[in-house]
Amino acid sequence: MAFGKGHHLHLIDGSAFIFRAYHALPPLTRKSDGLPIGAVSGFCNMLQRYVEGNAGGDVTHLAVIFDKGSHTFRNDMYDLYKANREAMPEDLRPQIPLTRRATEAFNIACKELAGFEADDIIATLSCQAREAGGQVTIISSDKDLMQLVGDGVEMFDAMKNKRIDRDGVFEKFGVFPDRVVDVQALAGDSVDNVPGAPGIGIKTAALLINEFGSLEDLLDRAEEIKQPKRRQTLVEHRAQIEMSKKLVQLDCGMELDFGLDDLEVKDPDPEVLLGFLTEMEFRSLTKRISDALNVEAPAIPEPEVQAGAGAAPEAPPISADKYECVSDMAALEGWIARAYARGWVAVDTETTGLNEMIADLVGVSLCVEAGEACYIPLTHRGGAAQKDGTEDLFSEKADDSLAAGQIALDAALAALKPMLEDPSILKIGQNMKYDAKIFARYGIEIAPIDDTMLMSYAMHAGEHGHGMDTLAEQYLGHRPIPIKELIGSGKSQITFDRVPIETAVTYAAEDADVTLRLWQLFKPQLHRAKVTRVYETMERPLVPVLAKMEMAGIKVDRQTLSRMSSAFAQKMAGLEAEIHELAGEKFNVGSPAQLGEILFDKMSLEGGKKGKNGKYSTGADVLEDLATEYDLPRRVLDWRQLSKLKSTYTDALQEHINKDTGRVHTSYSIAGANTGRLASTDPNLQNIPVRSEEGRRIREAFVAEPGKVLVSLDYSQIELRILAHVADIEALKQAFRDGQDIHAMTASEMFNVPMEEMTSDVRRQAKAINFGVIYGISGFGLARNLRIPRAEAQGFIDRYFERFPGIKAYMDDTVEFAKKHDRVETLFGRVIHTPEINAKGPRSGFAKRAAINAPIQGTAADIIRRAMVRMPDAIAGLPATMLLQVHDELLFEVDEGSVDPLIAIAKEVMEGAADPVVHLDVPLIVEAGQGHSWAEAH
DNA sequence: AATATCACG
DNA sequence: GACGTACGTGATATTT
């Protein structure tokens, strides 16, 4: 049947795929001969992911379109077209033909035409398909293709997984697709070297086109433009603009030597596809595609094994074949014996929930060798329904009895305990803190441990997440069974103990299997990545320390919170009434959208700025400005503060008080923040209010047990001290040595004000600059922070860099290092990857500032991690417990009589935490506070 | 599920 | 008249 209505053509922009693949991946080479294949590998992965993503979809026709040669008809028109394009990297060139072969191997049509760009072929095919009444999706995010969108033609940004339709084009260009070329002709394009009109960008171009209707009308009526400079530009550059339009206008009427019908989707021939992949020596992709095609993966010969590498045999594919359900003691003893024989074992627990303080153990899985794993079900329930084979939903729900075929919980744990606690057996896990806490509640102190999540974090922070699914997919080419397939999601979600044992075995054993494989892969890599010390001294030993802190929890007084909640509710009701009165109508004060309309439409106050969603911004800074003149915004600010305190703290914290312990137990994620900081969740105890007087009172609810005291120790100005050290600023270092007020000193240096005459306002400004430097300062940001004109802020920054040239040098050096290596490092060797640093557009700005900040924030994070690792031993003799960490603060609970010794010891540990690895040129100073509540202690 | 807002260092 | 801008987090409520 000829292409027409009901058919859907997908066109992949091949060059975009190649470049994306090339830049996204490290320079891989084929093992056997060193042929560069990184881009081909990425290209194949992207194709495979695309095919998977569209399986069962409505795609009927498909082609990958490539550019051919560099000289096109546009060069004949304008010899500078794409002239400033960088030469193709040497190691990419030989990969281009291979991507064509890859496309053919996938049995996807592969098209190109000399003298034309891929964009023109895509344009022609799109037009043909549209005219035939079919649908088109162009897989690309190239803005040059956006002119084609509309009437059944859409684009799809595979990177962002986002469809781009007419509205999407409007968002980008400010005009609909039919006027995109007009805007491009005016704005030009520095990437393609399309000149356009000097000084006019997309924003202005869209404004003009929308005003005059079209480029032709605009040029004809250019004299009507009000702004003199703009008018002159358009008149003077008319010819150049008209040529620019020809350059960006895609050719819809090319003669092609093939038709739409030649692009029909075809299944790949497994032999051809796998043949190509094996030839390229793509191991994980070969495996993954073999699985997808349901054929056996062809073997890829291992070239030569490095001497001493252990000659590990290729791991078998991940499958449930050898997963065993352990249902009697003899079998369990067998697995424990295997762990002893090996010296290591991957362990994973299955439980009834995510909160380790509440969840109950349901089963344990073990793996001692890739592919060979077991699951030991312990407390699965609802066995009765399975026995007679009937599905009675009601009785299943009611059936709390243990399912058959399980070892008694206490017997199994008694058998496992010696092995799990044996110092000679390494227990390997993914996010071991979780399992350690579960086991701890059953009286088992699992040790020693290795953690694949933390290994990934040490090597790959900033590159991707470190959850098992991410790692399995990235490094094993395998998608583990999603937990949702077993327990469902949302309201109908069940707990793991309700999952039938047979299903649980394949899921749980797979997790242990995957964990062991990741460990075997990562373990030798730590050294090569030079992060062994980071992992061994700052990640791995932190697991038991955090586990104990989280289990200790902190006492929170429900009564105090409850009283505050009521008080807040009352005040809020009063404010709400006043707000409605002032607004002249009732509305939801908590809705920024409604508030925006009231303020800026109904009351038509100044300063209403709409964001990209057409909504007014009503953030605190906006309201703060309005509050100087009007009452309503002030009331809303007050209401918001109370609303925040009530919902996030005084209400929510009560829900987190554990029934058994009467305390609140947070959970720290070790591998969450890229910089090495911890993050606290469920609840977050690292953002308990302190800055406002009213908020600080919430800390009165965090108390010590009777007879005990809370002690807070925090590093003073740790990040600025680190900055002074790494940037090597003698004046700052000396000021810290002398114990001076660093902000006042900065102000004095910058503004030539003697210290004795320092005003609080000048000091405040200097303080903002000091912090700004740590964040990768910009004139704009500082101006907004200090609410001063931008030029003035820029002046401050210039003067700061003039006075402290080392800081500027440090910032430049750091960015340069990041650009060269795609990563930065802390003083202790923690690696933070900065994959966006060489991106262009606004994202590079973000990446630059992040790169400047990361070594400073990260070094501070390293220091407190080191202190925490040493702390338990240091305070072992004292009746004291470490409870919380808040980035630069540690909170302890200690018997009244031992406050002073605790402060002395903990302070010494914290102040000396950098030693002996790093010797800082500045002293680290820790300040201590104590009291019955956190409010007093801090 | 995304966005806006606001709490902390 | 190009563009968008402090760094790092998590929780909540509203809106889609």
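All chains are named by letter (A, B, ...) in the order of the sequence lines, taking the proteins before the strands, and each is independently numbered beginning at 1. Atom set for the values below is all heavy atoms of this structure, side chains included, hydrogens, waters and symmetry mates excluded.
- Checked by distance alone, A/Arg691 brings a side-chain donor or acceptor within 3.5 Å of a matching partner on the base of B/dG9.
- Nucleotides B/dA4 and C/dG4 have their P atoms positioned 15 Å apart, rounded to a whole Å.
- Checked against C/dC7, B/dT5, B/dA7, the side chain of A/Pro689 finds its nearest nucleotide in B/dA7.
- Between C/dG4, C/dG8, C/dT5, one nucleotide has an atom nearer to the side chain of A/Ser778 than all others, and that is C/dT5.
- Applying a 4.0 Å cut-off to non-hydrogen atoms, the residues of residues 643-651 of chain A that approach DNA chain B are A/Lys644, A/Tyr649, listed by residue number.
- Not one side-chain nitrogen or oxygen of A/Arg849 sits closer than 4.0 Å to the OP1 or OP2 atom of C/dA6.
- For A/Phe846, the side-chain atoms get nearest to C/dC7 when compared with the rest of C/dC7, C/dG8, B/dT5.
- The pair A/Glu539-A/Arg830 counts as a salt bridge, with a side-chain nitrogen and a carboxylate oxygen less than 4.0 angstrom apart.
- Among the atoms of the strands shown, none is found under 4.0 Å from any heavy atom of A/Gln227.
- Residues A/His743 and A/Leu720 form a side-chain contact, since some pair of their non-hydrogen atoms from C-beta on lies under 4.5 Å apart.
- The heavy-atom pair separating A/Leu546 from A/Lys433 by the smallest distance is CB-CD, 3.7 Å.
- Classification of the A/Tyr457-A/His466 ring pair by plane angle, with boundaries at 30° and 60°, yields perpendicular.
- Taking side-chain N and O atoms only, A/Ser591 has a distance below 4.0 Å to OP1 or OP2 of C/dT15.
- At most 12 heavy atoms of other shown residues, nucleotides or ligands fall within 6.0 angstrom of atom CD in A/Glu816.
- Nearest nucleotide to the A/Arg784 side chain, out of C/dA6, B/dC6, B/dA7: C/dA6.
- Listed nucleotides: C/dA11, C/dT9, B/dG9. Nearest to the side chain of A/Asp682: C/dA11.
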